[in-house]
Amino acid sequence: VQLQAFGGGLVQAGGPLRLSCAASGRTFTHMAWFRQAPGEERDFVSAIRWTIGSTYYADSLRGRFTASRDNAKNTGYLQMNSLKPGDTAVYYCATKTYSSGTFYDPSNYNYWGQGTLVTVSS
């Protein structure tokens, strides 16, 4: 699976931003978003079970972030609202091609996009 993430940028606190992740190649079971701030570990943000559209979120982000997909375009989206400076990070999309393994563990994802930087200014 080839993944291309885009949509990052500089946004003021309180503003919205939408990330996109275009996938090509083989099919996959889940697409997820992770983020990594400088000096921090890569953290789970959200995941979507591709065939049925079920969504999952990190507890701290539920209500502000929304994952969705467009099957026709084979593209996933992460709508981020009410952004905070603490959301500043490189955001990665990833897919896993097998059904086993938890959706929130990055080690279960075998394909990764290049990352897109989101910077939230105060």
Let me check something: do [X] and [Y] share a hydrophobic cluster, defined by ILVMFWY side-chain heavy atoms less than 4.5 Å apart, either directly or through other members?
| X | Y | value |
| --- | --- | --- |
| L83 | V90 | no |
| V118 | F34 | no |
| L17 | L61 | yes |
| Y57 | V45 | no |
| Y92 | F65 | no |

How close do [X] and [Y] get, counting heavy atoms only, and between which atoms?
| X | Y | value |
| --- | --- | --- |
| R69 | I48 | CD-CD1, 3.8 Å |
| D70 | A72 | OD1-N, 3.0 Å |
| A89 | A37 | CB-N, 3.8 Å |

State which residues pass salt bridge (Lys or Arg N to Asp or Glu O under 4.0 Å) with R49; sequence neighbours excluded, sorted by chain then number.
->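 None.
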Quick one: list whatever passes salt bridge (Lys or Arg N to Asp or Glu O under 4.0 Å) with R18, sequence neighbours left out.
-> none
Which side chain to side chain donor-acceptor pair (under 3.5 Å) pairs, counting each pair once, include a residue from residues 22-33, with sequence neighbours left out?
->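 Residue pairs passing side chain to side chain donor-acceptor pair (under 3.5 Å), neighbours aside: Q2-S24.
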Any pair with a residue in residues 19-111 that passes disulfide bond (SG atoms under 2.5 Å apart), sequence neighbours left out, goes on the list, sorted by first then second residue, please.
->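 Matches after skipping sequence neighbours: C21-C93.
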Of all residues at least two apart in sequence or in a different chain, which pass the side chain to side chain contact (heavy atoms under 4.5 Å, CB included) check with [X]?
| X | value |
| --- | --- |
| T116 | A5, L19, Y91 |
| N74 | A23, F28, W50 |
| D43 | E41 |

With sequence neighbours left out, write down each residue that passes side-chain hydrogen bond (donor to acceptor under 3.5 Å, both in side chains) with Q36, or none if nothing qualifies.
-> R42
Sorted by chain and residue number, the side-chain hydrogen bond (donor to acceptor under 3.5 Å, both in side chains) partners of Q79 (sequence neighbours excluded) come out as N81
Atom CG in L3, atom CE in M31: separation rounded to 0.5 Å?
-> 5.5 Å
Look only at the side chain of T88 and the backbone of V120, and say whether a donor-acceptor pair between them is shorter than 3.5 Å.
-> yes
Starting from L10, walk the hydrophobic network (Ile, Leu, Val, Met, Phe, Trp, Tyr; side-chain heavy atoms closer than 4.5 Å) and list everyone else you reach, by chain and number.
->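 Its cluster partners, ordered by chain and number, are none at all.
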Just grab all the salt bridge (Lys or Arg N to Asp or Glu O under 4.0 Å) pairs involving residues 73-91, residues at least two apart or on different chains.
->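 Residue pairs passing salt bridge (Lys or Arg N to Asp or Glu O under 4.0 Å), neighbours aside: R35-D87, R64-D87.
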Measure the shortest side-chain to side-chain distance between L78 and S46 over non-hydrogen atoms and say whether it is less than 4.5 angstrom.
->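 They are in side-chain contact.
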Distance-only donor-acceptor hits, side chain of residues 101-110, under 3.5 Å, sequence neighbours excluded:
residue: T102; atom: OG1; partner: N108; partner atom: ND2; Å: 3.3
residue: D105; atom: OD1; partner: S107; partner atom: N; Å: 2.9
residue: D105; atom: OD1; partner: S107; partner atom: OG; Å: 2.8
residue: D105; atom: OD2; partner: S107; partner atom: OG; Å: 3.2
residue: N108; atom: ND2; partner: T102; partner atom: O; Å: 2.9
residue: Y109; atom: OH; partner: F103; partner atom: O; Å: 2.6
residue: N110; atom: OD1; partner: T97; partner atom: N; Å: 3.3
residue: N110; atom: ND2; partner: T97; partner atom: OG1; Å: 2.7

